[in-house]
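Each chain gets a letter, A, B and so on, in the order the sequences are listed, and its residues count up from 1.
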There are 4 protein chains.
Amino acid sequence: MTQYESLKELIMLDANEEAKFSEKQLKIIEAAIEIFSEKGFAATSTNEIAKKAGVAEGTIFRHYKTKKELLVSIVSPLMAKLLGPHFAKDFANEVFELKYETFEEFIRNLASNRYEFIKKHIAVVKILIQEISYHKELKEPYVRLFKEHVYEKFKNIILHFQKKGEIVDESPDTIMRLIITTIMGTLVSLFLVLPDNEWDTESELESTIQFLINGLSVK
Amino acid sequence: MTQYESLKELIMLDANEEAKFSEKQLKIIEAAIEIFSEKGFAATSTNEIAKKAGVAEGTIFRHYKTKKELLVSIVSPLMAKLLGPHFAKDFANEVFELKYETFEEFIRNLASNRYEFIKKHIAVVKILIQEISYHKELKEPYVRLFKEHVYEKFKNIILHFQKKGEIVDESPDTIMRLIITTIMGTLVSLFLVLPDNEWDTESELESTIQFLINGLSVK
Amino acid sequence: MTQYESLKELIMLDANEEAKFSEKQLKIIEAAIEIFSEKGFAATSTNEIAKKAGVAEGTIFRHYKTKKELLVSIVSPLMAKLLGPHFAKDFANEVFELKYETFEEFIRNLASNRYEFIKKHIAVVKILIQEISYHKELKEPYVRLFKEHVYEKFKNIILHFQKKGEIVDESPDTIMRLIITTIMGTLVSLFLVLPDNEWDTESELESTIQFLINGLSVK
Amino acid sequence: MTQYESLKELIMLDANEEAKFSEKQLKIIEAAIEIFSEKGFAATSTNEIAKKAGVAEGTIFRHYKTKKELLVSIVSPLMAKLLGPHFAKDFANEVFELKYETFEEFIRNLASNRYEFIKKHIAVVKILIQEISYHKELKEPYVRLFKEHVYEKFKNIILHFQKKGEIVDESPDTIMRLIITTIMGTLVSLFLVLPDNEWDTESELESTIQFLINGLSVK
DNA sequence: TATGAATGAGCGTTCATTCAT
DNA sequence: TATGAATGAACGCTCATTCAT
């Protein structure tokens with residue numbers, strides 16, 4: 001249940017300055033996250049959410065005009081965070097590249113940041129992954145944000161390490177895709193596809209990082 | 001529309017020997033695949049399927065007791081195929097390992113087989129990925145099949161190439177996970193997450209195979 | 001209950017040629033008319049209609065997409081009929097005027113036609129009067145039909161009898177308004193405002209016709 | 001907006017002596033009148049009224065126990081006024097008849113009084129007309145008041161002018177009905193049915209009075 | 001085999017009303 | 001006095017499923 005504590009924090013960060021969430025509203029969000037991630041958005045009824053949250057069904061609609069608005073309000077702050085620290089909008093490009101001395105340092109930083117975050121917010125991440133392709137409201141801002149703020153910076157880092165001769169001379173787009181696929185794929189495998197298996201997640205992450213560096217470095 | 005042609009083949013293979021599917025039933029399957037993959041199982045109504053298929057709503061329930069049965073009947077043959085040729089139940093272990101002379105040959109074969117298959121049946125694959133975690137009926141036989149018939153053989157192959165010194169000395173489970181993650185992650189990326197981008201999918205697949213071999217081989 | 005028999009006829013005239021109304025649908029219309037006219041459209045619940053009609057609530061929505069569509073389907077054929085026989089669209093203007101030899105004949109015909117009709121369909125007339133100002137779907141075609149097909153012909157009749165010196169030399173618009181107001185007002189009074197009083201409706205109608213002719217004729 | 005000014009006056013007269021209406025309460029009444037007359041009582045939500053009035057929803061129920069009580073409090077003072085000055089309860093019969101020297105004077109006075117009043121309070125009149133048949137609370141006192149205080153006096157006036165030979169020898173009930181129907185029908189036509197048409201309402205009223213006198217007077 | 005009208009449970013949402021503040 | 005969060009019954013409507021034809 002401690003993960004829900006942290007989800008409250010996540011969502012409350014969105015309402016910066018004042019945390020203006022009533023207790024009932026937090027109960028609703030908590031219940032919605034739990035059931036959405038278990039059964040999927042479309043298969044979850046507002047009646048079910050209300051019961052689990054211990055509120056009247058009408059109370060949900062006092063806070064969110066529609067069920068979909070509830071979904072968006074849960075998932076949106078997560079999306080911002082996922083594209084978060086490394087690619088902050090106001091971050092200067094030129095400085096950025098210099099931040100990491102080696103490609104390994106970059107990958108290690110990227111992966112472990114995402115690892116901690118996803119581990120904490122695994123239920124919301126599952127909702128995001130499941131629902132993003134069905135709801136334009138979720139997909140469009142995410143895609144735009146990536147294109148406008150993340151893509152160029154990410155590409156520059158790759159070019160930087162290619163110039164330094166640290167990584168293979170593939171198309172940056174392909175390398176970017178392989179990095180994201182490998183890290184995200186691993187996290188999804190560990191937390192969503194095979195959550196019951198008793199993985200030593202930390203050591204799996206380490207292996208994945210090694211694999212990634214090995215796979216992209218010039219021999 | 002040619003992909004639906006091939007889907008009919010896929011499903012008809014399940015009803016081996018006699019292909020006892022009426023034209024109406026094929027229309028239903030076709031329509032269901034299209035809408036399920038677009039909107040998700042729970043958000044698709046049988047009325048919608050019936051309309052798109054050009055049949056009466058009752059006709060669906062003449063062929064499938066429930067809506068879920070329709071889903072299972074669409075997705076199940078695909079699952080069998082996905083775990084398919086390489087790991088067929090009646091395939092002798094000892095022979096199997098000998099089939100591939102190098103690790104690269106194994107990976108290349110595994111990846112390109114899955115690539116062709118998924119490309120053909122992308123809509124059903126999407127349904128499978130989206131729905132598998134919500135329906136025990138889909139997940140359990142898949143997991144059992146993997147554990148009972150695929151896991152050991154796959155592990156043996158890995159051990160075989162580790163003994164030969166071709167690949168790194170990691171835990172076979174981890175290596176298996178990295179292989180599956182990388183191949184599936186790539187295919188999902190290319191076909192589902194970024195289907196609009198104009199990837200040269202063949203060359204992306206080649207890069208992925210190179211990356212995988214590079215990442216797992218001893219330097 | 002015989003009035004509902006005639007309402008079925010009214011509504012079925014709309015679906016000319018084949019009377020394709022199932023028994024259940026007629027029950028729904030019957031129940032809706034009764035409750036709409038008693039409590040008003042907005043205060044009537046579909047659940048209530050279903051119960052009175054002896055059908056499931058879903059059945060209503062199989063025949064009518066929305067509650068409002070049910071209202072429109074009930075009221076629309078009445079509107080056509082109300083502007084009906086005297087002012088049929090395909091009726092030639094020049095012939096029309098000649099139909100009536102005296103103003104009294106015209107008024108008497110107009111009034112008694114409307115009288116019989118409204119008496120038969122009083123419940124639907126009440127619904128029409130109550131709801132027309134709240135629903136554009138009802139008002140607009142009614143107003144257009146009047147302007148395009150009735151107004152000119154009606155005016156010509158008035159001008160005709162003014163030329164003949166039978167009626168006063170007021171503005172035709174005003175005379176038209178007085179005629180409609182007096183006839184409709186009387187019918188509304190007798191059937192809707194004071195339905196419980198034991199009027200001899202036939203003799204009241206006669207008095208009204210006399211009053212109307214008296215009021216408009218030159219002394 | 002000036003009409004609402006006058007409505008406040010109207011309603012405040014009901015609370016005679018002390019005008020104990022807070023500003024918020026007046027805002028509520030104002031908003032309720034506007035929306036009730038636009039959409040009808042049943043189709044208006046208290047939430048909507050509260051928003052338009054700029055008060056909290058709870059505030060409405062601090063002043064009125066139910067939504068219906070709000071309706072009654074708006075419409076009731078109007079009803080009293082409508083049966084107003086001519087037929088005041090404490091008015092002596094015998095004096096009354098003498099008040100008017102001619103039938104025309106009576107009609108002219110009756111009509112123009114109602115004309116000014118309805119013009120001022122058209123929105124509330126519309127609510128009254130629309131809702132009176134659905135709510136006993138509105139209908140019953142109105143009917144009783146008419147029967148007990150207005151009917152006899154009105155009848156006496158008619159008999160008085162019949163004896164004088166000024167008007168036709170019809171049943172007084174019928175004549176009363178024709179007078180009320182013609183005046184009310186005209187006012188309803190001008191203000192409610194065809195409010196957009198640019199009538200010269202004053203001259204229409206004059207024509208109506210002439211028509212009424214003409215129609216009822218002996219030739 | 002196929003239909004499509006009928007069902008009634010359940011859906012997301014709105015409602016008038018209550019009550020702690 | 002006024003608020004507005006909370007309520008839960010009721011709303012219009014959709015759903016998967018049934019069944020007589």
Side-chain angles (χ1 to χ4, degrees), chain A residues 22-25 27-28 41-51 53-70, chain B residues 22-25 27-28 41-51 53-70, chain C residues 22-25 27-28 41-51 53-70, chain D residues 22-25 27-28 41-51 53-70:
Chain A
S22 71
E23 203 176 324
K24 300 243 170 196
Q25 193 165 358
K27 290 264 188 199
I28 290 167
F41 172 76
T44 299
S45 76
T46 51
N47 168 40
E48 211 176 347
I49 296 170
K51 266 181 190 147
V55 302
E57 213 169 339
T59 306
I60 294 172
F61 293 94
R62 174 153 287 280
H63 293 290
Y64 305 94
K65 269 202 281 288
T66 63
K67 189 180 132 188
K68 188 173 251 176
E69 198 182 292
L70 173 58
Chain B
S22 72
E23 203 176 327
K24 299 239 170 199
Q25 193 165 358
K27 289 267 188 199
I28 290 167
F41 171 77
T44 299
S45 75
T46 49
N47 168 41
E48 212 175 346
I49 295 169
K51 263 182 192 145
V55 303
E57 216 169 339
T59 307
I60 294 173
F61 292 92
R62 187 144 287 284
H63 292 288
Y64 306 94
K65 267 205 284 290
T66 63
K67 187 180 141 192
K68 187 173 256 178
E69 200 182 290
L70 173 58
Chain C
S22 71
E23 203 177 323
K24 300 244 169 195
Q25 193 165 0
K27 290 265 186 198
I28 290 166
F41 172 76
T44 299
S45 77
T46 50
N47 168 40
E48 210 175 348
I49 296 170
K51 267 180 188 148
V55 302
E57 211 169 340
T59 306
I60 293 173
F61 294 95
R62 175 153 287 280
H63 293 291
Y64 305 94
K65 268 200 283 290
T66 62
K67 191 180 129 186
K68 188 173 252 175
E69 198 183 291
L70 173 58
Chain D
S22 71
E23 202 177 324
K24 300 240 170 198
Q25 192 164 0
K27 289 267 186 197
I28 290 167
F41 172 76
T44 299
S45 75
T46 50
N47 167 41
E48 212 175 346
I49 296 169
K51 264 181 191 147
V55 302
E57 216 169 338
T59 308
I60 293 173
F61 292 92
R62 187 143 287 284
H63 292 288
Y64 306 94
K65 267 205 285 289
T66 63
K67 187 179 139 191
K68 187 172 256 178
E69 200 183 289
L70 172 59

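A/A42 and A/K67 make their closest contact through O-NZ, 3.8 Å (heavy atoms, listed as atom of the first residue, atom of the second, distance). Of all non-hydrogen atoms in A/K24 and A/G54, the two that sit nearest each other are NZ-O, 4.4 Å. Closest non-hydrogen pair, B/Q25 versus B/H63, comes out as OE1-ND1, 3.2 Å. Of all non-hydrogen atoms in C/Y64 and C/I28, the two that sit nearest each other are CE1-CG2, 4.3 Å. Taking all atoms of both residues into account, the shortest heavy-atom contact from D/K68 to D/F41 is CA-CZ, 3.7 Å. Taking all atoms of both residues into account, the shortest heavy-atom contact from D/N47 to D/E57 is N-OE2, 3.2 Å.
One atom, NZ of A/K27, and another, P of F/dA6, lie 13 Å apart when rounded to the nearest Å. What separates CD1 of C/I28 from C1' of F/dG12 is a distance of 14 Å, to the nearest Å. C/K24 has its NZ atom 12 Å from the P atom of F/dT21, to the nearest Å. In this entry the distance linking CD1 of C/I60 with P of E/dG8 reads 13 Å, nearest Å. Between the CD atom of A/E23 and the P atom of E/dT21 there is a distance of 13 Å, rounded to whole Å. Taking atom NZ of residue B/K51 and atom C1' of nucleotide E/dG4, one finds them 12 Å apart after rounding to whole Å. Remark: P of E/dG12 and CD of A/E48 are 9 Å apart, rounded to the nearest angstrom.
C/S22 contributes atom OG, which lies 11.0 Å from atom CZ of C/R62 (distance to the nearest 0.5 angstrom).
For B/V55, counting side-chain heavy atoms from C-beta on, the closest listed nucleotide (F/dA6, F/dA2, E/dT3) is E/dT3.
Using a 4.0 Å cut-off, no side-chain N or O of D/H63 falls inside it from OP1 or OP2 of F/dT1.
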Problem - Working for side-chain contact (heavy atoms from CB on, under 4.5 Å), residues B/T46 and B/L70 - result: CA-CA 10 Å; B/T46 49; B/L70 173 58; over 6 Å; no
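With the 3.5 Å cutoff on both pairing distances, Watson-Crick and G-U pairs in DNA chain F assemble into runs of at least 3 at E:2-21 with F:2-21.
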Tabulate atom names and distances for all N/O pairs under 3.5 angstrom spanning the protein and nucleotides 16-20 of chain E.
from: E/dA16; atom 1: OP1; to: D/T44; atom 2: O; distance (Å): 3.1
from: E/dA16; atom 1: OP1; to: D/K67; atom 2: NZ; distance (Å): 2.8
from: E/dA16; atom 1: OP2; to: D/T46; atom 2: N; distance (Å): 2.7
from: E/dA16; atom 1: OP2; to: D/T46; atom 2: OG1; distance (Å): 2.9
from: E/dT17; atom 1: OP2; to: D/K67; atom 2: N; distance (Å): 2.7

